[in-house]
Amino acid sequence: MDLETKALLLSRGTVQLSQPGREGKMSTAGPGAGESSIFFQSGSRMVRLSVVDSTAIQLEMDGDEATISLEGRVIARGRVVEPLLHCPDQAYITISERCIYDCKFCAVPRLMGKVKSHERVMEMAKEAMATGRLESISLTSGTEVSPQHEAERVAALVRDLLPFGLPIGVSVNPFPGVNRILLDAGADEVKYNLETVDRDIFAQVCPGLSYQEIMDALEEAVELFGPNHVFSNVIIGLGESDQSLRQGIDELIDMGVLPILRAAYPHPLRRGEVDIVRPSADRMLGLARYLRMELDEKGLDGSLALTGCYRCTGCDLAPGRDL
Ligand code: SF4
């Protein structure tokens, strides 16, 4: 699968299976939380697509091989990869599948899912370890009670997961002091999501969150965890201009943060609440190339990430891996 084909597939975001039943379990995180998805690997590239009943992209299985077609024309050949926990090779576990905040593009506050107990998360991680495929652990969480409460809960898990001897990444809603709690617990990497680099759009789509507080936490995180180990999701398709995206990318990279450029996903549970235009393949390619160029210029390298989306690469054009 070449870079352009991956961009095309990401711009569509969905796939129809010619043999239903091969889709993975419902996801509790990522763009299609609450929906089924499939991971398709072709050469060194992998893409995650949401499985739907009807769309122009079709996936056909023939033994271990899989082909992806667009309107009857084969565009990629590869195989379907089974996720371990949420994604291949990682235990990517969502602790609280609910959230007190109400970001307008996010399905989690609508899903009002479970809150996994400490014991359940440890059990899941042990099962993943027993497969022999586990390479890293990523803990993510909505905010059930408060950001402080969530960080303490995740920190306790990090401490108990240290004996696994694997890299551990954490993504929670930040607050002053969060980095010290996670670093002292033993986390290797953190992700605090800015979601959009356009401050006006941020105020509309993330009511109750503070743009500045997230930026402050990211800046401090680079001092404590080091460059190449701090990440922030930036959604493309919420109405922001490419100019504001380039400025925002530069600002994050100047701080030593690796931005994750994520195509906006119009989740059915959020229909009508936010204007989303899924980015075209060309837009994603242009922005990913810009990101790669700026990272190179500042001496940052996505391939050094130990956990999370820069390692998985399913949902994005990942610099250092895809381009
Ligand atoms: S890229 Fe990130 S959000 Fe997407 S499947 Fe992989 S780990 Fe999940």
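None of these values were measured; they are calculated from a predicted model. Order of appearance sets the numbers: ligands from 1, and atoms from 1 within every ligand. Heads up: numbering here begins at 1 and tracks the sequence.
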Task: Lys/Arg N to Asp/Glu carboxylate O, K126 vs E119, below 4.0 Å - done: no
Open item on the list: Using a 4.0 Å cutoff against the non-hydrogen atoms of R48, which atoms of ligand 1 qualify?
Closed with: 5 (S)
TODO: Name the option, out of S138, G308, C312, that contains the heavy atom nearest to atom 6 (Fe) of ligand 1.
DONE: C312
- [ ] Show which atoms of ligand 1 fall inside a sub-4.0 Å distance from at least one heavy-atom site of Y92.
- [x] 7 (S)
Task: Pair E144 + K114: basic N to acidic O under 4.0 Å - done: no
- [ ] Within a distance under 4.0 Å of any heavy atom of R262, pick out the atoms of ligand 1 and give their elements.
- [x] 1 (S), 2 (Fe), 3 (S)
TODO: Give, for atom CZ of R48 and atom SG of C315, the distance between the pair rounded to the nearest 0.5 Å.
DONE: 4.0 Å
Task: Side chain proximity check, E213 to L209, heavy atoms < 4.5 angstrom - done: no
Task: Atoms of ligand 1 close to C315 [distance to a heavy atom under 4.0 angstrom, numbered from 1] - done: 1 (S), 3 (S), 4 (Fe), 5 (S)
Open item on the list: Only heavy atoms of G314, strictly under 4.0 Å: list the atoms of ligand 1 that pass.
Closed with: 1 (S)
Open item on the list: Distance to the ring centre below 6.0 angstrom and angle to the axis at most 45 degrees; does that hold for R246 and Y290?
Closed with: yes
Task: H86 and Y92 aromatic ring geometry - parallel, tilted or perpendicular at 30°/60° bounds - done: tilted
Task: Inter- and intrachain pairs under salt bridge (charged side-chain N to carboxylate O under 4.0 Å, His left out), touching residues 306-323, at least two apart - done: K6-D322, R45-D322, E135-R311, R262-D316
Open item on the list: Using a 4.0 Å cutoff against the non-hydrogen atoms of C309, which atoms of ligand 1 qualify?
Closed with: 1 (S), 2 (Fe), 3 (S), 7 (S)
Task: Per-atom contacts of ligand 1 with F39, taking only distances under 4.0 Å to non-hydrogen atoms - done: 5 (S)
Open item on the list: Can you tell me if, anywhere in H86, an N/O/S atom lies at a distance from atom 8 (Fe) of ligand 1 that is smaller than 2.8 Å?
Closed with: yes
